[in-house]
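Basis for what follows: all heavy atoms, side chains included, without hydrogens, waters or symmetry-related copies. This one's a predicted model, so the numbers in the text were calculated from it and none came from an experiment.
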Amino acid sequence: MLDSAHTDWMREAIDLAAIAANKGEVPVGAVVVCDGEVIGRGSNAPISDADPTAHAEINALRDAAKRIGNYRLPGCTLVVTVEPCTMCAGALVHARIETLVFGAREPRAGAVFSSANVLENPGLNHRVSVVEGVLAGECGELMSSFFRERRY
């Protein structure tokens with residue numbers, strides 16, 4: 001269910017994505033929300049951190065887990081500008097995220113709907129509900145303009 005809070009949280013994720021872009025990283029930003037409060041923030045940093053797992057979602061999950069002192073985040077929502085990849089979708093399950101909210105689909109690497117349906121794997125012992133399309137145009141344009149500029 002879409003509400004104004006989703007939009008507010010997505011705006012914060014978009015701001016984090018812009019920070020990543022300014023560092024030359026693919027512009028993806030994410031926040032973890034629990035009880036209406038942002039408890040974790042992350043932006044893409046695999047290049048600057050020399051860490052292939054330093055995706056925005058992973059960084060936001062790590063930040064939230066450290067803040068609350070638990071690797072499980074039940075009842076929490078992850079808001080991210082772009083559809084998560086396979087690694088990040090799997091991390092949502094392991095963290096026991098209740099809801100995923102994302103902006104734009106990622107046709108090549110998106111693993112929620114686009115190239116795979118990781119969250120629908122019947123072998124998984126946790127289900128994540130999904131809200132897609134929050135500020136999708138803005139989120140998609142961040143990615144498109146970033147890659148358009150890199151080509152020229």
Side-chain angles (χ1 to χ4, degrees), residues 1-21 25-140 142-143 146:
M1 177 168 82
L2 180 63
D3 59 33
S4 63
H6 289 136
T7 302
D8 293 343
W9 299 328
M10 186 62 76
R11 291 221 177 275
E12 185 165 351
I14 288 169
D15 290 344
L16 290 164
I19 290 169
E25 301 278 359
V26 174
V28 181
V31 296
V32 175
V33 180
C34 207
D35 297 325
E37 177 188 355
V38 174
I39 63 166
R41 292 171 175 82
S43 56
N44 256 10
I47 298 166
S48 54
D49 287 358
D51 178 355
T53 69
H55 290 194
E57 301 94 322
I58 301 297
N59 289 334
L61 291 170
R62 286 176 178 155
D63 188 38
K66 283 181 186 171
R67 183 166 176 190
I68 67 167
N70 190 346
Y71 73 106
R72 300 276 196 219
L73 301 167
C76 294
T77 296
L78 184 121
V79 180
V80 61
T81 54
V82 179
E83 178 183 7
C85 70
T86 303
M87 174 183 69
C88 293
L92 298 178
V93 173
H94 288 287
R96 301 299 190 264
I97 289 292
E98 183 175 314
T99 305
L100 163 66
V101 176
F102 73 88
R105 286 197 179 192
E106 211 307 326
R108 291 186 189 158
V112 176
F113 298 119
S114 297
S115 68
N117 295 78
V118 170
L119 299 178
E120 296 300 317
N121 182 328
L124 297 176
N125 62 346
H126 176 73
R127 294 287 170 249
V128 178
S129 65
V130 179
V131 176
E132 76 163 302
V134 178
L135 300 178
E138 242 178 280
C139 294
L142 270 172
M143 295 288 280
F146 177 80

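- A donor-acceptor contact under 3.5 angstrom links the side chains of Glu25 and Ser48, judged on distance only.
- Formation of a donor-acceptor pair under 3.5 Å by the Ser115 side chain with backbone atoms of Pro107 is not found in this model.
- Not counting sequence neighbours, Asp49 has no partner by the side-chain hydrogen bond (donor to acceptor under 3.5 Å, both in side chains) test.
- Other residues, nucleotides and ligands contribute at most 12 non-hydrogen atoms within 6.0 Å of the CZ atom of Arg108.
- The line from CE of Met87 to CD of Glu57 is 7.5 Å long, rounded to the nearest 0.5 Å.
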Please test Val101 against Trp9 for side-chain contact (heavy atoms from CB on, under 4.5 Å), starting from the C-alpha separation and ending with a verdict.
-> CA-CA 9 Å; Val101 176; Trp9 299 328; 5.9 Å; no
What's the verdict on side-chain contact (heavy atoms from CB on, under 4.5 Å) for Leu61 and Asn59, showing C-alpha distance, side-chain angles and the deciding distance?
-> CA-CA 5 Å; Leu61 291 170; Asn59 289 334; over 6 Å; no
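- Separation of atoms CG (Leu92) and CZ (Arg127) is listed at 13.0 Å; rounding is to 0.5 Å.
- Ion pairing between Glu37 and Arg67 holds under the 4.0 Å rule for side-chain N and carboxylate O.
- No side-chain heavy atom of Val130 sits under 4.5 Å from any side-chain heavy atom of Thr99.
- Of all the heavy atoms in Ala89 and Ala111, the pair that sits closest is CB-O, 4.5 Å.
- Pairing each heavy atom of Ala136 with each of Ala104, the nearest pair is O-CB, 3.8 Å.
- Closest of all the heavy-atom pairs between Gly103 and Cys139 is CA-SG, 3.9 Å.
- Of the options Leu100, Asn117, Val118, a side chain to side chain contact (heavy atoms under 4.5 Å, CB included) to Val112 is made by Leu100 and by none of the others.
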Phe102 vs Leu78, side-chain contact (heavy atoms from CB on, under 4.5 Å): CA-CA, chis, key distance, verdict = CA-CA 8 Å; Phe102 73 88; Leu78 184 121; over 6 Å; no
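- Between Asp51 atom CG and Ile58 atom CD1 the span is 9.5 Å, to the nearest 0.5 Å.
- Here the side chain of Asn44 pairs no donor or acceptor atom with the backbone of Pro27 at under 3.5 angstrom.
- The heavy-atom pair separating Pro46 from His55 by the smallest distance is CG-CD2, 4.5 Å.
- Here the side chains of Glu132 and Arg105 are in contact, with some heavy-atom distance below 4.5 Å.
- Summarising the geometry, atom CE belonging to Met10 is positioned 6.5 Å from atom CD1 belonging to Ile14; distances are rounded to the nearest 0.5 Å.
- For the pair Thr77 and Glu98, the minimum side-chain heavy-atom distance is 4.5 Å or more.
- Counting only distance, with no hydrogens or angles, the side chain of Glu83 and the backbone of Ser114 share a donor-acceptor pair below 3.5 Å.
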Pairs of donor and acceptor atoms involving the side chains of residues 119-126, under 3.5 Å and at least two apart or interchain, shall be tabulated with distances.
unit_1: Asn121; atom_1: OD1; unit_2: Gly123; atom_2: N; d: 2.7
unit_1: His126; atom_1: NE2; unit_2: Ile97; atom_2: O; d: 2.8

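- Proximity of a side-chain donor or acceptor of Thr81 to a complementary backbone N or O of Gly29 within less than 3.5 Å is detected.
- Looking at heavy atoms from C-beta onward, Asp63 lies out of side-chain contact with Val32 at the 4.5 angstrom threshold.
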Assess whether side-chain contact (heavy atoms from CB on, under 4.5 Å) is satisfied between Leu73 and Arg96, documenting all intermediate values.
-> CA-CA 6 Å; Leu73 301 167; Arg96 301 299 190 264; over 6 Å; no
